[in-house]
Structure formats: C-alpha cells, structure tokens
Novice: 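Next up is a structure, given as structure tokens.
Chain letters run A, B, ... following the sequence lines, proteins first, then strands; residues in each count from 1. Reckoned from all heavy atoms, side chains included, excluding hydrogens, waters and symmetry mates.
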There are 2 protein chains.
Amino acid sequence: MMEQIADILKKNQLSITEGRKKILNMFLNSPGALAHADIEKNTDASFDRVTVYRTLQTFVEKGIIHNIPTTDNSILYALCKDNCEAGHHHDNHVHFICDVCDKTICLENVIIPEVKLPKGFTQKQTDVVISGICNKCK
Amino acid sequence: MMEQIADILKKNQLSITEGRKKILNMFLNSPGALAHADIEKNTDASFDRVTVYRTLQTFVEKGIIHNIPTTDNSILYALCKDNCEAGHHHDNHVHFICDVCDKTICLENVIIPEVKLPKGFTQKQTDVVISGICNKCK
DNA sequence: ACATTTTTGCACCAATGTTGCAAAAAATAA
DNA sequence: TTATTTTTTGCAACATTGGTGCAAAAATGT
C-alpha cells in the first residue's frame with residue numbers, strides 16, 4: 001500500500017516525502033473529496049498549513065488530484081482512482097454532494113451528457129455538480 | 001431605469017437604499033457574473049466592505065441573484081434577468097466561463113440535460129459549469 | 001414631523017491563503 | 001557510504017477575505 005503511494009509520486013517525478021505520502025494516503029482512503037481543512041485537521045499527521053497548501057497545489061499541477069467547483073467559497077479536492085493511477089487525468093465524470101452527510105463523491109461511471117452551446121462558444125471542460133441525498137444516507 | 005431597480009427591491013420587500021440600488025444596478029449592467037471584489041472595487045460607488053457582503057447575502061436570500069460554483073475559492077454572483085424580475089428564481093441554466101476574458105455568463109437558453117444517477121441517489125440540484133472560449137473572444 | 005424599524009459604517013476579530021528565507025530532508029554524484 | 005546538490009519543509013510575517021456587535025444614520029410607517 002505504501003509502495004503504491006511511492007509509485008504514484010515517482011511516476012509524477014516528485015520527491016517522496018513523509019508529507020506527500022501521508023496526504024496522498026488520505027485521498028486513497030477517502031471515499032469522497034477532501035478540503036484543505038480536512039487534511040489539516042487530520043490528527044495522526046501534523047504538517048504545517050503551508051505544506052498542505054503547497055502539496056495540494058503540486059498534486060493538482062501533476063494531475064494527481066483535481067478540484068471540484070463549489071457554491072460556497074471552499075475548494076474541494078478529489079483523487080479519481082482509475083484515471084490518476086494511469087498518470088493522465090480525465091475529469092469528465094459527475095460530482096455528487098450529499099446534503100445530509102455533506103460528503104462529495106465522484107461518480108466515475110456517470111457520464112456527462114452533451115450540452116449544445118450557442119454559436120460562437122467553444123467548449124473545453126464541463127463540470128457537473130449534483131446535490132441531493134447519497135445512497136448511504138437514503 | 002432607476003425606477004425599475006426600485007421596483008425589484010420593492011417586490012422583494014427590501015428597503016430602498018443607495019447601496020442596494022447601486023449594487024443591483026451593477027448587476028443589471030453587467031453581461032456576466034460579479035465577484036464580491038468587483039463590486040467593492042467599483043469606483044463610482046464606495047460602501048463599506050461589510051455592506052457589500054450583507055447586500056449580496058440579502059440578494060441571494062431573496063432570490064434576486066444566485067451564486068455560481070467555481071473551481072477556485074471565489075464566489076461568483078449572477079442576476080438572471082428574466083427569472084429574477086418575475087420574482088421567483090429558477091437556476092436551471094448552464095454557466096459558461098471564458099478562458100480568455102475570464103468572464104462568467106449565464107446561458108439562459110441552454111437547458112441542463114437529464115443526468116441518470118446510480119440507484120439510491122436522490123437528485124435535488126444540478127449545476128453545470130462549462131469553460132472554453134466565449135462568442136466575443138472567438 | 002415623529003416614532004419605529006432597518007441598514008450602514010466602524011472597530012475589531014477570525015479564518016484562509018501567500019511569500020521569503022533558513023533549516024532539514026531527499027535525490028544525486030562521487 | 002559519504003559528500004554535494006537540489007528540493008521540500010517550517011517558521012514568521014503579511015495580505016486577503018469574511019464575520020460580529022454596536023452605535024449612528026437612513027428609510028419606513030403613522
């Protein structure tokens with residue numbers, strides 16, 4: 001398991017450090033998305049706030065994690081298992097936010113439908129965020 | 001024009017104040033969404049930061065404006081002309097963010113397609129944010 | 001015009017995010 | 001393995017963003 005984590009870091013040309021391993025591990029063990037605060041509040045790992053910011057930034061740049069649009073002013077990060085392990089990053093799935101447990105999960109298998117834009121608009125990325133009640137809270 | 005603004009406020013049972021009129025006016029004259037900073041930086045209107053926060057909050061509560069999910073940690077607000085003037089607020093259109101001019105616009109006429117969720121998930125709200133190049137930058 | 005209610009501005013506070021730099025750790029070379 | 005180079009971390013200090021309580025000011029209702 002810890003080997004797998006080191007591999008991901010190596011594959012992305014990143015030095016293997018305690019901090020990066022632990023943060024990446026959190027993502028691998030989390031069913032949903034994580035906010036900066038979730039990582040910082042983690043009890044059995046304490047790194048500086050700044051380190052968390054920088055690590056998340058690095059992971060996003062490398063495509064290990066991606067961020068999810070939110071309506072409040074928080075940034076949510078999620079690792080999308082299949083894509084990210086392969087090294088190249090797709091982000092064309094639906095994000096679901098549960099109103100009850102407040103977790104955000106990537107619905108890997110729900111494909112985003114085509115959206116037809118008016119003339120003159122070029123479409124690069126489409127983000128779909130659905131809120132409601134998840135399968136565990138139902 | 002300034003009459004129309006007062007009417008919107010009245011319709012929503014809000015006291016008509018200089019600040020609210022000016023901020024609402026900015027929305028009516030803006031082709032795209034506005035961030036808190038845009039309003040605060042506006043030169044020919046200077047109110048306290050706190051007033052801007054509270055005004056935006058009030059407008060959201062009343063359904064005059066709504067906020068748009070973003071990937072960074074900013075909050076974008078947009079007034080959707082037709083809906084909001086009618087008093088009751090729908091938010092089932094697509095939001096478009098231009099990578100060139102960085103503006104966010106509501107595509108009122110682009111309807112969000114149905115997304116089929118896995119078993120157990122209940123769907124309340126669907127937000128679609130598309131990024132790319134807008135019709136003016138093309 | 002007056003009394004009542006609402007809104008505003010100010011001061012202060014709290015959380016969040018950023019930068020520069022020296023110390024520590026990791027990668028590389030010998 | 002040890003030494004050297006490169007990268008990362010932690011600290012301090014700062015900037016930005018957002019929130020609260022309260023008195024003054026403005027808007028509303030009579």
Novice: Any idea how B:Tyr53 and B:His36 line up, ring-wise: parallel (<30°), tilted (30 to 60°), or perpendicular (>60°)?
Specialist: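 Ring orientation of B:Tyr53 relative to B:His36: parallel.
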Novice: Would you say B:Tyr53 places a side-chain N or O within less than 4.0 Å of OP1 or OP2 belonging to D:dG19?
Specialist: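 Result: no.
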Novice: Whole angstrom is fine here: how far is it from CZ in B:Phe47 over to P in D:dA24?
Specialist: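 Between P of D:dA24 and CZ of B:Phe47: 24 Å.
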Novice: To the nearest 10 degrees, what angle separates the axes at the start and end of the helix from C:dA1-D:dT30 to C:dA30-D:dT1, five pairs each?
Specialist: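 For the helix from C:dA1-D:dT30 to C:dA30-D:dT1, the axes at opposite ends meet at about 40°.
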Novice: Could you give the CD1-to-P distance, from B:Ile39 to D:dG18, as a whole number of Å?
Specialist: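 From B:Ile39 CD1 to D:dG18 P: 11 Å.
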Novice: From D:dT9, C:dT19, C:dT8, pick the nucleotide closest to the side chain of A:Thr55?
Specialist: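 Among the listed nucleotides, the one closest to the side chain of A:Thr55 is D:dT9.
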Novice: Tell me, yes or no, whether the heavy-atom count around B:Glu61 atom CD, taken from other residues, nucleotides or ligands under 6.0 Å, exceeds 12.
Specialist: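 Atom CD in B:Glu61 is packed in, count exceeds 12.
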Novice: Of the nucleotides C:dG17, D:dG10, D:dT8, which one has an atom closest to the side chain of A:His36?
Specialist: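 Out of C:dG17, D:dG10, D:dT8, the nucleotide with an atom closest to A:His36's side chain is C:dG17.
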Novice: When the distance from CG of B:Asn12 to P of D:dT28 is rounded to whole Å, what number comes out?
Specialist: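 In whole Å, D:dT28 P and B:Asn12 CG are 14 Å from each other.
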Novice: For D:dA27, does OP1 or OP2 lie under 4.0 Å from any side-chain N or O of B:Thr17?
Specialist: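 For B:Thr17, the contact criterion (side-chain N or O under 4.0 Å from OP1 or OP2 of D:dA27) is not met.
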Novice: Nearest whole Å is fine: how far is D:dT8 P from A:Leu9 CG?
Specialist: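 Checked: the CG to P distance equals 11 Å.
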Novice: May I ask you to test the A:Pro69-A:Val129 pair for a side-chain heavy-atom distance under 4.5 Å?
Specialist: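 Side-chain contact under 4.5 Å: yes.
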Novice: Are A:Ile68 and A:Ile105 in one and the same hydrophobic cluster, where Ile, Leu, Val, Met, Phe, Trp and Tyr link if side-chain heavy atoms are under 4.5 Å apart?
Specialist: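 No, because A:Ile68 and A:Ile105 fall into different hydrophobic clusters, even though each may have its own neighbours under 4.5 Å.
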Novice: A:Ile75 side chain: which of D:dT9, D:dG19, C:dG17 is closest?
Specialist: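 Looking only at side-chain atoms, A:Ile75 lies closest to C:dG17.
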Novice: Round to a whole Å and report the spacing from CG of B:Asp48 to P of D:dA23.
Specialist: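 Distance check: B:Asp48 CG to D:dA23 P gives 17 Å.
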Novice: Please confirm whether the ring centroid of A:Phe121 lies under 6.0 Å from the ring centroid of B:Phe96.
Specialist: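 So the answer is yes for these two rings.
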Novice: Just compare D:dG10, C:dG17, C:dT7 and give me whichever is closest to any side-chain atom of B:Ser15.
Specialist: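 My answer, after comparing the listed nucleotides, is C:dT7.
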Novice: Closest nucleotide of DNA chain D for A:Asn73 versus for A:Arg49: which of these residues is on the 5' side?
Specialist: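 Final value for this comparison: A:Arg49.
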Novice: Is the closest side-chain heavy-atom distance between B:His93 and B:Asn109 below 4.5 Å?
Specialist: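 Side-chain contact under 4.5 Å: no.
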Novice: Grab the CG-P distance between A:Leu56 and C:dT16 for me, whole Å please.
Specialist: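 Value for this atom pair: 14 Å.
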Novice: Does some side-chain heavy atom of B:Asp127 sit less than 4.5 Å from a side-chain heavy atom of A:Val128?
Specialist: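 A:Val128 does not reach B:Asp127 side chain to side chain.
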Novice: Can you see if the side chain of B:Arg54 gets near the phosphate of C:dT7 - specifically, an N or O under 4.0 Å from OP1 or OP2?
Specialist: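 For C:dT7, neither OP1 nor OP2 has a side-chain N or O of B:Arg54 closer than 4.0 Å.
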Novice: Select from B:Val50 and B:Gln13 the residue whose nearest nucleotide in DNA chain C is closer to the 5' end of that strand.
Specialist: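 Checking each residue's closest nucleotide, the 5'-ward one belongs to B:Gln13.
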